2 protein chains.
Amino acid sequence: MTISEVSKKCNVSADTLRYYEKAGLISFINRTPGGVRNYTEQDCKQIEFIKCMRSAGLSIEVLRKYFELFKRGKRTLKARRDLLANERENLQVRFKELQDTIRRLDYKISVYDKALKSKDKELKF
Amino acid sequence: MTISEVSKKCNVSADTLRYYEKAGLISFINRTPGGVRNYTEQDCKQIEFIKCMRSAGLSIEVLRKYFELFKRGKRTLKARRDLLANERENLQVRFKELQDTIRRLDYKISVYDKALKSKDKELKF
DNA sequence: ATATCACTTGGAGTTGACTCCAAGTCAAGC
DNA sequence: GCTTGACTTGGAGTCAACTCCAAGTGATAT
């Protein structure tokens with residue numbers, strides 16, 4: 001697959017794909033004799049994984065570390081597991097915060113709905 | 001309350017408080033005759049609200065719009081309500097995504113735990 | 001063989017959200 | 001009246017994560 005095909009398929013810009021490669025999130029992409037990147041299905045899966053983790057808020061730096069460990073082989077299995085477990089805990093915290101914020105917004109919206117009915121109220125902010 | 005007191009109380013840097021003011025997220029902070037900001041308890045509540053919304057991912061721009069509507073008075077009640085309801089929906093989407101990502105990480109961690117037990121496996125990424 | 005077009009690179013520019021800095025002001029203590 | 005220390009301002013700097021650009025290359029279509 002060319003970079004533009006992967007870009008469409010994974011909904012990530014070609015520039016971002018090249019950026020991820022430079023940043024160490026993707027390595028060893030095959031090239032055609034002419035030097036053009038030739039992505040495999042496996043590469044796409046990895047890109048989807050990166051996309052998913054990025055959208056949840058994992059930093060480029062954390063992902064770079066993860067894939068760097070990967071390059072160092074089997075002996076880093078535990079380190080990688082722990083890195084993921086740690087990020088998982090961070091997400092769990094953010095998950096709870098997000099839940100609270102949604103609840104807070106729900107309450108605020110309900111206050112607005114009341115104010116809208118009683119025709120003359122105003123809120124503090 | 002001075003800016004440094006609010007900074008401690010709300011755990012937001014003084015620079016950030018001034019930045020929020022410049023950005024239109026806070027307005028009409030009282031000043032002492034000498035020109036020093038003098039925050040009220042109400043101001044703090046608003047800052048806590050901003051902090052909460054920011055940490056959930058609402059942009060400065062969205063919050064600026066919200067408080068701008070506020071300045072325009074009661075006739076913007078509905079618009080403000082709708083703005084909040086819209087942001088709430090966005091958060092709900094992110095909430096579900098986050099949940100999925102946590103599940104995905106849990107699965108991946110479990111695969112690592114299996115690999116660690118069987119002593120010779122490696123994963124794809 | 002020439003035009004087209006998608007690709008390549010290194011590097012510069014952009015965006016959002018702060019964060020820091022220099023120069024100045026004001027109130028309080030000595 | 002002078003020092004100290006917390007405040008003020010406008011503006012510059014930083015950081016992460018892209019995003020864009022110019023100049024060049026290679027395969028394909030006419």
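Keep in mind that this is a model prediction, so the values were computed, not measured. Residue numbering restarts at 1 for every chain, and letters A, B, ... go by the order of the sequence lines.
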Below 4.0 Å: OP1/OP2 of C/dC7 and any side-chain N or O of A/Thr2: yes
Plane angle bin for A/Phe67 and A/Phe70 - parallel if under 30°, tilted between 30 and 60°, otherwise perpendicular: tilted
Any donor-acceptor pair under 3.5 Å from A/Arg94 side chain to A/Ala56 backbone: yes
Nucleotide interval of DNA chain D bounded by contacts with chain A (heavy-atom cut-off, under 4.0 Å): D/dA17 to D/dG26
Pair B/Asp82-B/Lys78, salt bridge (Lys or Arg N to Asp or Glu O under 4.0 Å): steps then yes or no: CA-CA 6 Å; B/Asp82 291 349; B/Lys78 179 87 173 57; 2.6 Å; yes
Closest non-hydrogen atom pair between B/Leu83 and B/Val62, with its separation: CD2-CG1, 4.0 Å
Where B/Ile109 and A/Ala85 come nearest, the two heavy atoms and their spacing: CD1-CA, 3.5 Å
4.5 Å side-chain heavy-atom contact, A/Lys9 and A/Ile47: no
Residue closer to the 5' end of DNA chain C, A/Asp15 versus A/Glu5 (nearest nucleotide): A/Glu5
DNA chain D contacts made by residues 16-37 of chain B, counting heavy atoms under 4.0 Å: B/Arg18, B/Lys22, B/Arg31, B/Gly35, B/Val36, B/Arg37
Angle of first-five versus last-five pair axes in the helix from C/dA1-D/dT30 to C/dC30-D/dG1, to 10 degrees: 20°
Nucleotide C/dA6, atom C1' - distance to CG of A/Asn38 in whole Å: 14 Å
Same cluster (ILVMFWY, side-chain, under 4.5 Å), A/Val36 and A/Tyr20: no
Residues A/Arg72 and A/Thr76: side-chain donor-acceptor under 3.5 angstrom: no
Pairwise salt bridge (Lys or Arg N to Asp or Glu O under 4.0 Å) hits with a residue in residues 44-63 of chain B, at least two apart: B/Glu61-B/Arg64
Residue-level proximity of residues 46-62 of chain A to DNA chain C when a heavy atom falls under 4.0 Å: none
Nearest atoms (heavy-atom pairs only) where A/Ser7 meets A/Val12: OG-O, 2.7 Å
Exercise: do A/Asp43 and A/Thr40 side chains pair donor with acceptor under 3.5 Å: yes
Rounded interatomic separation in angstrom, taking OH from A/Tyr39 and P from C/dA6: 17 Å
Intermediate values then yes/no, salt bridge (Lys or Arg N to Asp or Glu O under 4.0 Å), A/Asp15 and A/Arg18: CA-CA 5 Å; A/Asp15 272 318; A/Arg18 287 190 209 99; 3.4 Å; yes
Within residues 103-125 of chain B or reaching into it, pairs that qualify as ring-ring contact (aromatic ring centres under 6.0 Å, His included) - sequence neighbours excluded: A/Phe49-B/Phe125
